[in-house]
Amino acid sequence: MNESNIAKVDFNLLKSLQALLAEQHVGRAAKKMNVSQSAMSHTLTRLRDTFDDPLFIRHAKGLEPTARALELADKLDFILSEIDGLFAPPSLKLAQIHARFRIQTHDFIVAAYLANAIRTINAEAPHVIMDIQMMSQTGDDELDAGKLDMIIGAGVKAKPRFMQKRLTDEAVVCLLDKDNPVLHTWNAESVFQCAHIKSSLLDEQHDSVSQFGITAGMPERKIGLYAETLNLQLALLANTQLISFLPQSMAVQGQMLYGLAVKTCPFPLPKVTIRGVWHERHQNDLLHKWVRDKISDAFVSE
């Protein structure tokens, strides 16, 4: 080449050279490239100048490639195929992907939703290892630092730099021992006369039960037990007169595992919104999107 700087090479010339080598005729090459014959003749002139070689010798039946052109032909198909591959839509080969996907979430979300999603992911992508961690106050920082792939939580709010999706809304219900005498006088006043289990992670300002009691003028709320996670509350209710306020999916787990009673709360409580949150750097990552879709499907199917 006269110019060794690849930035000055028009790669469309290489496509035209490929057509000329295949057809060995200016007219047929022009038709293949969907250009006029005069345009292809002009392109051939540019090719000769670029490679500093005649490339083709004209004869009665068309064009005969020179030794230099034949040498280029051996490399051209491979090079153009590689270039085309750069612009081809990316694809996932799930069976060949080895990755670790790290999620922070609540225990009740794992039990009610994520367990099904993880089974599906493992079946289709056996080398994608899910790393499930409990929620922490450092989740946002870990998303920023790339140490975490996703947060799935109740009541989480995404920072402006994060992406999010609402996965579902859950009603908050009451869970209690099936022999708790309050079941015979089920109303807001009687519920507030009982001792409650309260999450030790929630302050009064963000606890909807406490806020209802203050707004409605109920007696001071009685806390009989604190538990850090919702899952801990299930095993602590049996054979007591405690009441727990839980997302419905968690309460159903308690009913199934411990024979507890699930009751609609006798006063209004806001639904719990469960959201998935991830960093914008992962928005278009194919594997990340695939995992997010599988997780989202698990919430829809419940």
Side-chain angles (χ1 to χ4, degrees), residues 85-170 199 201-202 227-234 246-254 256-257 271-302:
L86 293 176
F87 299 97
S91 60
L92 275 178
K93 296 181 179 178
L94 294 173
Q96 301 175 19
I97 294 175
H98 290 71
R100 182 174 173 179
F101 199 94
R102 298 151 299 184
I103 298 175
Q104 274 193 13
T105 188
H106 301 294
D107 48 11
F108 85 91
I109 293 176
V110 175
Y113 303 103
L114 291 186
N116 288 336
I118 291 168
R119 282 189 283 270
T120 301
I121 290 166
N122 285 342
E124 297 184 36
H127 305 299
V128 174
I129 308 303
M130 305 300 289
D131 181 348
I132 307 301
Q133 307 166 18
M134 290 298 100
M135 294 288 284
S136 79
Q137 295 180 346
T138 62
D140 286 357
D141 293 335
E142 292 182 59
L143 276 183
D144 267 333
K147 296 179 180 178
L148 196 63
D149 295 293
M150 200 171 179
I151 296 172
I152 302 174
V156 297
K157 297 188 183 301
K159 305 293 185 184
R161 64 189 180 278
F162 297 153
M163 313 300 292
Q164 68 173 321
K165 180 178 182 179
R166 185 187 65 79
L167 297 170
T168 193
D169 295 314
E170 278 208 41
S199 170
L201 298 179
L202 277 180
E228 186 173 10
T229 71
L230 299 184
N231 193 50
L232 285 174
Q233 299 185 29
L234 303 185
L246 299 170
Q248 187 166 9
S249 63
M250 184 86 266
V252 169
Q253 293 286 323
M256 293 170 57
L257 293 173
K271 287 187 174 183
V272 171
T273 296
I274 299 175
R275 291 186 178 88
V277 177
W278 60 95
H279 200 283
E280 60 184 353
R281 76 169 71 91
H282 291 136
Q283 175 66 5
N284 296 315
D285 180 271
L286 286 185
L287 177 62
H288 203 284
K289 184 178 183 304
W290 180 79
V291 173
R292 295 198 310 264
D293 287 345
K294 294 300 177 184
I295 289 171
S296 182
D297 290 346
F299 282 84
V300 172
S301 62
E302 287 296 324

Should [X] and [Y] count as side-chain neighbours, where that means a heavy-atom distance under 4.5 Å?
X    : Y    : value
M250 : N231 : yes
I274 : Y113 : yes
W290 : I121 : yes
I152 : F299 : yes
Q253 : L246 : no
D149 : V291 : no

Donor-acceptor pair, distance only, cut-off 3.5 Å: does the side chain of [X] make one with the backbone of [Y]?
X    : Y    : value
E170 : S249 : yes
D169 : K271 : no
R275 : I151 : no
H106 : L230 : no
Q104 : S136 : yes

Roughly how far, to the nearest 0.5 Å, is the [atom2] atom of [Y] from the [atom1] atom of [X]?
X    : Y    : atom1 : atom2 : result
K165 : D293 : NZ    : CG    : 6.5 Å
R281 : L143 : CZ    : CG    : 8.0 Å
I132 : I118 : CD1   : CD1   : 4.0 Å
L114 : T105 : CG    : OG1   : 5.0 Å
I103 : M134 : CD1   : CE    : 10.5 Å
M150 : I295 : CE    : CD1   : 4.5 Å

Problem - Nearest heavy atoms of A154 and I109, plus distance in Å - result: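 Heavy atoms only, the tightest pair is N-CD1, 4.2 Å.
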Practice task
Locate the shortest heavy-atom distance separating A95 from P126; write the atom from each residue and the value.
Solution key: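 In terms of heavy atoms, the two residues are closest at CA-CD, 4.5 Å.
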Exercise for the section: For the pair R102 and E142, find out whether any cationic side-chain nitrogen is under 4.0 Å from an anionic carboxylate oxygen. Expected result: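 No.
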Exercise for the section: Give the ring-plane orientation class for H288 versus F101, where under 30° counts as parallel, over 60° as perpendicular and anything between as tilted. Expected result: tilted
Problem - From CA spacing to verdict: side-chain contact (heavy atoms from CB on, under 4.5 Å), F162, D144 - result: CA-CA 9 Å; F162 297 153; D144 267 333; 3.6 Å; yes
Practice task
Would you check if there is a donor-acceptor pair between the side chains of R119 and N116 at a distance under 3.5 Å?
Solution key: yes
Exercise for the section: Mark yes when over 12 heavy atoms from residues, nucleotides or ligands other than E228 sit less than 6.0 Å from its CD; otherwise mark no. Expected result: no
